Amino acid sequence: MADTATLQARLDALEEAEFKLVAGQQATVLGYSGETVTFTPSDLNQIRSLMRRIRRELGDTTAKRPSARGFVT
């Protein structure tokens with residue numbers, strides 16, 4: 001498991017990517033640890049899944065799963 005600072009940095013980057021994609025940007029590139037990843041709007045579910053997993057690793061037990069309609073339950 002990565003340290004807290006690394007996990008938080010990854011979570012921050014994923015949240016920014018999610019925001020940009022939801023706002024209409026066609027692609028966003030994240031880079032950390034010398035690697036880059038390009039996300040497109042079709043990757044939103046993957047981004048949200050990664051965010052939930054990181055939040056759990058950070059100890060956030062309130063991280064909710066989206067319902068079948070995409071709403072947080």
Side-chain angles (χ1 to χ4, degrees):
M1 182 168 113
D3 64 65
T4 301
T6 300
L7 289 173
Q8 189 61 55
R10 289 178 182 169
L11 180 59
D12 293 344
L14 287 166
E15 288 173 340
E16 180 69 19
E18 178 192 35
F19 176 80
K20 288 178 180 179
L21 293 173
V22 169
Q25 189 167 318
Q26 294 302 305
T28 186
V29 178
L30 298 182
Y32 53 84
S33 300
E35 297 184 25
T36 60
V37 179
T38 301
F39 289 106
T40 63
S42 64
D43 297 316
L44 278 170
N45 285 336
Q46 180 185 7
I47 290 171
R48 290 173 178 152
S49 176
L50 289 167
M51 288 171 27
R52 281 191 305 274
R53 185 170 50 177
I54 291 171
R55 285 184 181 120
R56 282 193 303 270
E57 286 185 41
L58 289 169
D60 180 358
T61 58
T62 63
K64 305 279 184 177
R65 296 185 60 105
S67 69
R69 297 180 186 217
F71 298 106
V72 174
T73 58

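This one's a predicted model, so the numbers in the text were calculated from it and none came from an experiment.
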Inset, instruction - Look up atom CD1 in Ile54 and atom OG1 in Thr4, then write down how far apart they are to the nearest 0.5 Å. - result: 12.0 Å
Legend entry - Approximate separation, where rounding is to 0.5 Å, of Leu21 CG and Ser42 OG: 9.0 Å
Inset, instruction - Could you list all the side chain to side chain donor-acceptor pair (under 3.5 Å) pairs where at least one residue sits in residues 17-29, not counting sequence neighbours? - result: Glu18-Arg48
Inset, instruction - With rounding to the nearest 0.5 Å, note down the distance linking CD1 in Ile47 to CG in Leu30. - result: 7.0 Å
Legend entry - All side-chain contact (heavy atoms from CB on, under 4.5 Å) counterparts of Ala27, not counting sequence neighbours: Thr38, Thr40
Legend entry - Joint hydrophobic cluster, Phe19 plus Leu50, side-chain heavy atoms closer than 4.5 Å: no
Legend entry - Pairs touching residues 5-14 that satisfy side chain to side chain donor-acceptor pair (under 3.5 Å), sequence neighbours left out: Asp3-Thr6, Gln8-Asp12
Inset, instruction - Please round to the nearest 0.5 Å and tell me the distance separating atom CG of Leu58 and atom CG of Leu7. - result: 5.0 Å
